[in-house]
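Below: the structure, in C-alpha cells.
Only a predicted model underlies this, so the values are computations on that prediction, with no experimental measurement involved. Chain naming here is simple, since letters A, B, ... match the order of the sequence lines and numbering starts at 1 in each.
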Amino acid sequence: MADSTNALPNNEAPQRAARAEDDTRYDPSPVEQKWAALWETDPARYAPEPINCGKPKYYVVEMLPYPSGALHMGHVRNYAIGDALARYMWMSGHNVLHPMGWDSFGLPAENAAIKNKRQPKEWTLNNIAAMKAQMKRLGFSYDWSREVTTCLPEYYRWNQWFFLKLYEKGLAYRKKSKVNWCPECATVLANEQVVDGCCWRHEDTQVELRELEQWSLRITDYSDELLQGLDSMEGWPEKVRTMQRNWIGRSEGTNVDFTLADGTKAKITVFTTRVDTIYGATSVQLAPQHPLVKELIGSDAVRQASLNEMLADQKRARENGEIGSMEKKGFFTGHYAVNPYNGEQVPIWVGNYILMDYGTGAIMSVPAHDERDFEFAQKYGIAIRGVIKPDGVAEMPELPFCADEGASVSDGGPFTGLSCTEAQKQMSAFAEKNGFGKATVTFRLKDWGISRQRYWGTPIPFIYCDGCGMLPVPEDQLPVLLPENVEITLAGGSPLTRVKEFYEVACPKCGKTARRESDTMDTFVDSSWYFYRYTSPINTAPFDSEVANYWFPMDQYIGGVEHAILHLMYSRFWTKFMRDLGLVKNDEPAERLFTQGMVIKNGAKMSKSLGNVVSPDDMVARYGADATRLYTLFAAPPDRDLDWQDQGVEGVYRFLSRLYRFITENPVKLSAGEATAYDPSTLTPAARNVLRKLHQTIQRITGDFQGRWHFNTSVAAMMELLNACMASPELWTADSATPKAFRADVQRKMVLLLSPFAPYLAAELWTVLGEDANTLLRHPWPVADAALAKEDEVEIVVQFNGKLRQRLTVPHDADDETVKQTALADEKIKEGLTGKQIVKVIVVKNKLVNIVIKG
RNA sequence: GCCGGGAUGGCGAAAUUGGCAGACGCAGCGGACUUAAAAUCCGCAGGAACGAAAGUUCUGUGGGGGUUCAAGUCCCCCUCCCGGCACCA
C-alpha cells in the first residue's frame, strides 16, 4: 500500500563483533538461517486447510506493502503483530489464512525508471524479490502460494473486469474534473506530490489546476450505507469510525429556491441547515464559479474584473493550501433575490468563501446566526438581523448567536415561537408544500476520481471511436495489457499517449481505427479488493465466491492509521458493490480492524532526511529476526507509537539468550512412554512457585491475545517467568530431586508460549527438547489451570485512612472478618491505634484493610 | 476553530473492575569472575530529609479544584504535545 515513508536501499549490514571463545550467548544467525532454509523446502507449511475441514476459520491480513525496495521498521512491527496473532490462532485450533502480497503499481516505479533508466516492471519485480527475501528471513508465516502482485495481468485484468461491471451498473462515468498539473513535467501530479503549491521536483514551479475528462466511480451512491454501517462496526477503532463519519459528512438541511426580483425565470437554490433562521437572511451569496454569476454581472467590466481577481485569488489559495484562512471578500452583483418565506428582497452577492462543490454553491447569508456570514456582513455593511433567541432570555444575545438547541424563533412570521429544531422541520415541510424547496441531505463525500495520466497502472478498458463514440472493451478481449519497454520520460502526458501500438485499436463496433483510453486507474483500485483475491487466485473470475464467502469477512485486518479514510473507505465501497453484484455475501470487508502506531526515533518519524532510520536488515544481522520482532512488540503497546531505542533490542536479545541457555543447559527430553504427569502437591515450595508463575503467565498471555493485544506485557510476563525459573537453579539440574515430568512440563510450555513471538528460537528449543519442530505451529496452545495459578497466600496492606502502615501475609481468599482481626491484632497496628478511635474498617479481599480512624 | 489520542522515574513502559504507583526492560551505581576488558552472574535503585546501618518520616502519576474510607484510574476547569479535518452553509 502506498505510504509516505521512504524506504532505504539496503545498507551494508554490519556484522556483530567477533565472539569471544567463552561467549555463551545465543548466536541467532546460524540457527535462524538453518530453520529458514528448512521451512523454504516446505511451501505448504502455512497453507490453510480445506474450507470443509470443520475447524473455525480465522482470516488475518496485514495491509500489503508497496514494493519500494526494502522493508522498514513500521512494516516489521505491522507484520510481527499479525504473525503472532496468526500463530496463536493456529495453536488455538483455527483454520488460518495468512497471506501477503504487493501493492505494486504506482508512481515510484516510474520515477525510478526516469532516474535509473530501468523499466518499471523490472524495478518493481526486483524490489518484490528483495522484500520477499526479507520477509522470509524474518520468519513470517505467509502462505506464499496465494501471493497477490497487483501489477501483473493475472490481477489487474480483474480490475478491468470490475470496471466494466461498474460501468454496466452506472457506477462508473466520465466527467470533467480538476487535476494538479505541473507545466514543467507536463503531467498530472498526485496530491502528495504537490508541496506548498509547487511541484515536488520543480520547487519554483506553481502547480496548476486543469480541467480534464476523468473517470469517476459513484461511491456516493453508497454514502448512507457507508455511514450507517459504521455504527455497528464495533471491531473497528472509534477513531477510524469518527474519521470516516467526518469524511462522509452527512448533513441534513433544506434546499430553498430564491427567485430573482427582476422577474426573470431564473432561480437560485440555496442549501441551508438552518432554515429556521431564514427570516434573518439579508443577502444571498453565490460561489464565484456559480453558473448564474456570469449572467448576473453581464458586461459590467468592473464586476467582471472583481470576479476574475477573486477566481485567481481562490485558485492561488487552493494551490497553496491556504483556502480556509483566506480573507473573506465579495461584491454585489447589482441584482436582488426574493426570500420565498417573507417576500423580502435581498441583495445577491458573490462571496469567495462559498464553495461551488458543496451543497448548491449558493447560500442564504444570515449574519446574526452564522459566524462566517457575520464576519462578511460586518466587513461590507450588510444588515444583521437577529431572529432566534436562547430560551428564557428576553433580550437578543450578543451576535452572532449560532446555537439551535435550547433556542427558539423570535422573528419568523407564522413560525415565531417554535423551537429552532421544530421550526427546521415545519419550515422544510412548508417549502415543500408550496413548491419552493424541500428537506435535503448533503454529503461531503465526493465521487472517486480514478483516472491517472500515468503509465504504471491498470489501463482503463475503454475505446473512443469517432463514429461510434465511447465503447467498453468487450469482456472477452480482457486484459488490456500494459505495453512493456515503453520509454518513460518527462516529455509530458502519459507515456501511453506516445505508444501507437497501444492506443491505436480497431473499434469493437465498426472496426475502424479508434483510440484506446490511455489513462490508468488510481492504485487504490488495486488495494480495494486484493484480500478477496487471496482466498482463491483463480483465472476464470476475480475469485471463487464460495471460497470467499467461507473466509469473509476478514476476522482481523491490521495496518497503519494513515489509511483510515481513503483505502478503508474505498474497500468498504468495493465490498458493497461486489455484494450487489452477487459475488460476496458480507456487507463489510473486515470484522475487526487494528491500527498500529508508528515507529519513531528521537521523537520523530524515521526518515532519510532526519537520518534516524533503523534498517531491519541491520538489526536482524546483529540480534536476529526473533529479537528484532520481539522488540517491536515489547517496546510499546501495538496501538501506540513506538520510540525505537537500539539498547532496547539488546535487552530482548539478552532475554532470548538467557532462555536459550536455561533450556540448553538442562534440557529435559522424554522418551516414549515416559510419564508426563506429576502431582503438584508433592513439589517443593520453590517448584510450586515456578508452576504457579507458569500458569499465571499462560493466563496473562492468553488474555493479551484474546483481549487488548498488549503484547508488551506478554513479553514482560515471559521474562518474569524465566526470572522465576532461574532464581531456583537447583530445580533444573539433571540430578535434581524435582520430578522430571515437572521440569519437562515447564520447559515445553515456555517454548509454546514463546513460539508466536520468536518462532525461530522456539523451533530450535523444541528440537532441543527432543520434539519435532514441525508440530509446533499446530501444537495446542497451553491451557492455564486456575487452581495452579492461584496464590496460597497473599500479602495485603493495612492502611490508616488510606495511608500504608503495615504489610501482612494472609491465606488467599481468607474471609474478611479473619483478615480484619489479624490486622487489628498486629503489634504495629495496635501501637498506631492507641489514643485513636476506629470509625470504620474496610476489607478488600486479597488486597487491603483500611482502618478509618479519628483523633 | 472542530474531532480524536496522549502527558506516570534519567529513558521505553506497567498498574485489565476505584484498592500496595513504577511490574518488565534500558541506561546507571556497587560487587563477583578476569592480568584487563567484553560477555555473564549477584545486588541497589522515584524524589527529599533524618540515620553508621537496618530503617523512619515526608512527598510523588502535566496544573488546579471536587467525589470517595481510598483516585494514575471517576467528575469539573486549565496547560502542553501528537494525529486528523478545516470557510462543508
Where the side chain of [X] is concerned, which of [options] is the nearest nucleotide?
X	options	value
A:F634	B:rC20, B:rG12, B:rU40	B:rG12
A:N723	B:rC24, B:rA7, B:rA89	B:rC24
A:K803	B:rU59, B:rC3, B:rC20	B:rU59
A:L848	B:rA86, B:rC87, B:rG19	B:rG19
A:T273	B:rA7, B:rA89, B:rC20	B:rA89
A:A635	B:rG12, B:rC24, B:rA89	B:rG12
A:V797	B:rG19, B:rC20, B:rG12	B:rC20
A:K840	B:rA27, B:rC87, B:rC69	B:rC69
A:A636	B:rA13, B:rG19, B:rC87	B:rA13
A:Y358	B:rA89, B:rC87, B:rA13	B:rA89

Atom [atom1], compared across [N] and [M]: separation rounded to whole Å:
N	M	atom1	result
B:rA13	B:rG18	P	24 Å
B:rC81	B:rG22	P	31 Å
B:rU73	B:rU17	C1'	11 Å
B:rA48	B:rA39	P	29 Å
B:rC75	B:rU68	P	16 Å
B:rU34	B:rG47	P	33 Å
B:rU67	B:rC58	C1'	26 Å
B:rG28	B:rC11	C1'	11 Å

Over how many whole Å does the gap from [X] atom [atom1] to [N] atom [atom2] extend?
X	N	atom1	atom2	answer
A:Q806	B:rU57	CD	C1'	16 Å
A:N850	B:rA71	CG	P	10 Å
A:F655	B:rU40	CZ	P	15 Å

State, without any angle test, whether A:T733 and A:N666 hold a side-chain donor-acceptor pair at a distance under 3.5 Å. no
Look at [X] and [N] and indicate whether a side-chain polar atom (N or O) is within less than 4.0 Å of OP1 or OP2.
X	N	value
A:R640	B:rG12	no
A:Q645	B:rC26	no
A:R700	B:rU16	no
A:R708	B:rU17	no

Looking for any heavy atom pair under 4.0 Å, which part of the strands does [X] touch: base, sugar-phosphate only, or nothing?
X	result
A:D373	nothing
A:E795	base
A:L642	nothing
A:G249	nothing
A:R658	sugar-phosphate
A:N712	sugar-phosphate
A:F443	nothing
A:E650	nothing
A:V852	sugar-phosphate

Regarding A:K328 and the six-membered ring of A:F376, is the cationic atom NZ or CZ under 6.0 Å from the ring centre and inside 45° of its axis?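 No, A:K328 and A:F376 do not form such a contact.
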Is the NZ or CZ atom of A:R592 both under 6.0 Å from the centre of the six-membered ring of A:W236 and within 45° of that ring's axis? no
If pairing requires Watson-Crick or G-U wobble contacts with both distances under 3.5 Å, which nucleotide is the partner of [N]?
N	answer
B:rA21	none
B:rG43	B:rC29
B:rG4	B:rC82

Syn or anti conformation of B:rG9, syn meaning chi within 90° of 0: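 Because its glycosidic torsion lies within 90° of 0, B:rG9 adopts the syn conformation.
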Is any side-chain heavy atom of A:V256 closer than 4.5 Å to one of A:V275?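 Yes; the side chains approach each other to less than 4.5 Å.
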Do A:R807 and B:rC20 share a donor-acceptor pair, side chain to base, under 3.5 Å?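 A donor-acceptor contact between them is present.
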Between [X] and [Y], is there a side-chain N and carboxylate O pair less than 4.0 Å apart?
X	Y	answer
A:R250	A:D224	yes
A:D231	A:R245	yes
A:D276	A:R274	yes

With A:Y660 as reference, evaluate A:Y26, A:Y653, A:F655 under the ring pair (Phe, Tyr, Trp, His ring centres under 6.0 Å) test and give the passing residue.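 Passing option: A:Y26.
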